[in-house]
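Structure first, then comments.
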Amino acid sequence: VQLVESGGGLVQAGGSLRLSCAASGFTFDNYIIAWFRQSPGKEREEVSCIGSGDGSTFYTDSVKGRFTISKDNAKDTWYLQMNSLKPGDTAVYYCAARYGAWLSGDGCYPDYQYAYWGQGTQVTVPS
């Protein structure tokens, strides 16, 4: 099982980036894919997730209306489209996979429940 992120970089405030998470080694009929991020000195936080059951999505409040999670079924690749980026979005972004088709009632489930992780990709938005 392998998850590989790409698409990070340096972008000015107000700009956009699209992160990709390419997956291999397992089928995604019954998995939740999530994006987490971690900035220096802070705990890792959930950003967004999508469930395979009905395609439902979740976004943390700070990114609602700016970020969009999606999946290309033909490529087994997930995306996180990030618009109107802010300095507070600066972090290493990770995609992760958790067994189970349905999101929790209030988020993406804790990060320790995710069995598979990518290596991370840095997003920097200078202030």
Side-chain angles (χ1 to χ4, degrees):
V1 176
Q2 189 174 23
L3 301 175
V4 179
E5 301 102 334
S6 61
L10 186 149
V11 62
Q12 297 303 312
S16 298
L17 284 173
R18 188 178 76 162
L19 305 184
S20 299
C21 175
S24 61
F26 65 106
T27 60
F28 291 89
D29 293 344
N30 199 22
Y31 275 90
I32 294 168
I33 297 295
W35 288 95
F36 291 84
R37 67 185 180 186
Q38 187 168 23
S39 52
K42 294 185 178 181
E43 293 186 355
R44 187 161 53 194
E45 64 171 341
E46 62 185 11
V47 176
S48 179
C49 53
I50 184 168
S52 61
D54 59 0
S56 57
T57 59
F58 169 86
Y59 300 92
T60 195
D61 286 346
S62 63
V63 308
K64 283 181 181 176
R66 300 189 298 122
F67 290 11
T68 303
I69 191 171
S70 62
K71 179 178 185 288
D72 184 332
N73 289 312
K75 298 181 179 179
D76 280 340
T77 299
W78 283 257
Y79 303 99
L80 186 68
Q81 177 67 43
M82 306 186 297
N83 299 327
S84 302
L85 282 161
K86 304 175 181 180
D89 296 318
T90 295
V92 178
Y93 285 71
Y94 300 90
C95 66
R98 177 192 182 278
Y99 185 76
W102 309 100
L103 303 186
S104 74
D106 57 358
C108 302
Y109 293 103
D111 58 359
Y112 64 81
Q113 294 189 16
Y114 286 76
Y116 307 110
W117 290 83
Q119 82 286 357
T121 186
Q122 176 71 47
V123 172
T124 302
V125 187
S127 56

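Applying the under-4.5 Å side-chain rule to Ile, Leu, Val, Met, Phe, Trp and Tyr, the cluster around Val4 consists of that residue alone.
Contact detail for Phe58 and Ser48: the closest heavy-atom pair is O-OG, 2.9 Å. Ser104 approaches Gly107 most closely through the heavy-atom pair OG-O, 2.9 Å. Phe36 approaches Ala34 most closely through the heavy-atom pair CE1-CB, 3.6 Å. Tyr114 approaches Ala97 most closely through the heavy-atom pair CD2-C, 3.5 Å. The minimum heavy-atom distance linking Gln122 with Ala91 is given by the pair NE2-O, 3.4 Å. Considering every non-hydrogen atom in both Val47 and Leu80, the closest pair reads CG1-CD2, 4.2 Å.
Both Val125 and Tyr59 belong to a common hydrophobic cluster when Ile, Leu, Val, Met, Phe, Trp and Tyr are linked at side-chain heavy-atom distances under 4.5 angstrom. A single hydrophobic cluster is seen to contain both Ile69 and Tyr93, as judged by linkage of ILVMFWY side chains at heavy-atom distances under 4.5 Å, directly or through other members. Cluster membership check: Tyr94 does not share its hydrophobic cluster with Leu3, using side-chain heavy-atom separations under 4.5 Å among Ile, Leu, Val, Met, Phe, Trp and Tyr. Hydrophobic clustering, with ILVMFWY side chains joined whenever heavy atoms are under 4.5 angstrom apart, groups Val11 together with Trp35.
Two rings, from Tyr31 and Tyr99, have their centers less than 6.0 Å apart.
Within the model, atoms CD of Gln113 and SG of Cys108 stand 11.5 Å from one another, a figure rounded to the nearest 0.5 Å. Summarising the geometry, atom CH2 belonging to Trp78 is positioned 13.0 Å from atom SG belonging to Cys49; distances are rounded to the nearest 0.5 Å. Rounded to the nearest 0.5 angstrom, Leu19 CG and Phe67 CZ are separated by 8.0 Å. Ile33 contributes atom CD1, which lies 9.0 Å from atom CD1 of Ile50 (distance to the nearest 0.5 angstrom). Considering SG of Cys95 and CH2 of Trp117, their distance stands at 9.0 Å, rounded to 0.5 Å. In this structure, CD in Gln81 is found 8.5 Å from CG in Leu17, a value given to the nearest 0.5 Å.
For the pair Asn30 (side chain) and Ala101 (backbone), a donor-acceptor distance under 3.5 Å is present.
Results of the side chain to side chain contact (heavy atoms under 4.5 Å, CB included) test with Asp111 over Glu43, Arg44, Gln38 single out Arg44 as the only residue that passes.
Side-chain contact between Arg66 and Met82 is absent, with no heavy atoms from C-beta onward closer than 4.5 Å.
Ion pair Lys64/Asp61 flagged as a salt bridge, since at least one NZ, NE, NH1 or NH2 atom sits closer than 4.0 Å to an Asp/Glu carboxylate oxygen.
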